[in-house]
Amino acid sequence: MKTKKIISALIAGILAATAAVSVSAATLTESNPDGSTEVKANIVDSGAVSYIITIPDTADFGALTQPESIDTDHYAFYDFQVEATELNIKNNQGVTVYMKDASATDNQFYISQKNTETPFTIAYDVYDTPVNADTVNNYEAINTTAEPGEYGYHLCTFLYGSDSKTQPVTLALNQNALYGQTLSDIAGDYSGTITFHSALFERS
């Protein structure tokens, strides 16, 4: 009987200590009769949307070569993918991706010679499908067939559930543009910039 009472007392003491540790509390006393409690809650917006579209940091055609003739095309290609890395959107929504040259005024795509007062400029085309030297003539570049909008050419649309899906893109530069040019005049580094724009939309 004596042992049972001791155990009960120990259990009561442990429970009291646990309650004191688990709850952060203030005390009111005769000398400190006032106190305050912060009341908290959290509401999660289950309808909030977000997305991540991954685009390449750079696109490099590499070293270009001046052709000896223009009887045939002499293309340089660069392939990349635009990825719907994360789509936290509703089932009636999608994300549209557009692209355009950052500085061109004629809706085309260019790279220009750097560090010169009168730069040589080379045009290139953009395909929304993989192409190579054998297949390039079987497809039309988006910058030759489509009508650009405010944000450029429509590249693709990722719908709800398209996480990790990718859109292939091929840039194609015909090196025939270098034919007849004086190499010492056009030698050097070239660059241009593609601007991408994404937009969330809802299907009716």
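By convention here, the first residue in the shown sequence is residue 1.
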For this session: Check Q108 against A104 and note the closest heavy-atom contact, atom names and distance.
Result: O-CB, 3.3 Å
Exercise. So do the side chains of D101 and T193 get within less than 4.5 Å of each other, counting heavy atoms only?
Worked result: no
Exercise. Would K90 and V49 count as a side chain to side chain contact (heavy atoms under 4.5 Å, CB included) if you check the C-alpha gap in whole Å, the side-chain angles of each, and the deciding distance to 0.1 Å?
Worked result: CA-CA 7 Å; K90 300 177 183 178; V49 300; 4.2 Å; yes
Problem set entry | Student check: side-chain heavy atoms of V95 and I53 closer than 4.5 Å | yes
Exercise. Taking atom CG of D189 as the centre, does the number of heavy atoms from other residues, nucleotides or ligands within less than 6.0 Å exceed 12?
Worked result: no
Exercise. Would you call the rings of Y98 and H197 parallel, tilted or perpendicular, where under 30° means parallel and over 60° means perpendicular?
Worked result: tilted
Exercise. Where does the angle between the aromatic ring planes of F80 and Y78 fall among parallel (under 30°), tilted (30 to 60°) and perpendicular (over 60°)?
Worked result: tilted
Problem set entry | Shared hydrophobic cluster, L171 / I142 (ILVMFWY, side-chain heavy atoms < 4.5 Å) | yes
Problem set entry | Which atom of P67 lies closest to which atom of N176, heavy atoms considered | CG-OD1, 3.7 Å
For this session: Give the C-alpha distance, both sets of side-chain angles, the deciding distance and a yes or no for side chain to side chain contact (heavy atoms under 4.5 Å, CB included) between Y110 and I122.
Result: CA-CA 6 Å; Y110 300 96; I122 310 169; over 6 Å; no
Seminar exercise, completed: Across all chains, not counting sequence neighbours, the side-chain hydrogen bond (donor to acceptor under 3.5 Å, both in side chains) partners of T135 are N132
Problem set entry | Hydrophobic cluster membership, L183 vs I111, 4.5 Å side-chain cutoff | yes
Seminar exercise, completed: Note: E202 and Q93 closest approach over all heavy atoms is OE2-NE2, 3.2 Å
Exercise. Same cluster for F109 and I55 if Ile/Leu/Val/Met/Phe/Trp/Tyr side chains link at under 4.5 Å?
Worked result: yes
Problem set entry | Side-chain heavy atoms of N137 within contact of D73, under 4.5 Å | yes
For this session: Could you walk me through whether T121 and Q113 pass the side chain to side chain contact (heavy atoms under 4.5 Å, CB included) test, one step at a time?
Result: CA-CA 6 Å; T121 298; Q113 191 178 14; over 6 Å; no
Exercise. Taking it one step at a time, do D128 and Q167 satisfy side chain to side chain contact (heavy atoms under 4.5 Å, CB included)?
Worked result: CA-CA 7 Å; D128 58 1; Q167 169 62 48; 3.8 Å; yes
Exercise. Between T144 (side chain) and E140 (backbone), is there a donor-acceptor pair under 3.5 Å?
Worked result: no
Seminar exercise, completed: Between Y51 and S198 the two heavy atoms that sit nearest each other are OH-OG, 2.9 Å
Exercise. Can you get from L173 to V131 by hopping between Ile, Leu, Val, Met, Phe, Trp and Tyr side chains that sit under 4.5 Å apart?
Worked result: no
Problem set entry | Least distance between heavy atoms, Q175 atom then T65 atom | OE1-N, 2.6 Å
Seminar exercise, completed: Rounding to 0.5 Å, atoms OG1 (T54) and CD (E83) come to a distance of 5.0 Å
Exercise. Does a side-chain heavy-atom distance below 4.5 Å link Q66 with Q181?
Worked result: yes
Side-chain polar contacts of residues 146-163 - donor-acceptor pairs under 3.5 angstrom, sequence neighbours left out - could you list them?
residue	atom	partner	partner atom	Å
Y153	OH	N107	O	2.7
H154	NE2	C156	O	3.3
H154	NE2	T157	OG1	2.9
T157	OG1	T96	OG1	3.3
S162	OG	L159	N	3.4
S162	OG	L159	O	2.8
D163	OD2	L87	N	2.8

Exercise. How are the rings of F61 and Y124 set relative to one another: parallel (under 30°), tilted (30 to 60°) or perpendicular (over 60°)?
Worked result: perpendicular
Exercise. Within the side chain of N143, is there an N or O that forms a donor-acceptor pair under 3.5 Å with the backbone of V126?
Worked result: yes
Exercise. Out of curiosity, does F120 fall in the hydrophobic cluster containing L64 (side-chain heavy atoms, cut-off under 4.5 Å, transitive links)?
Worked result: yes
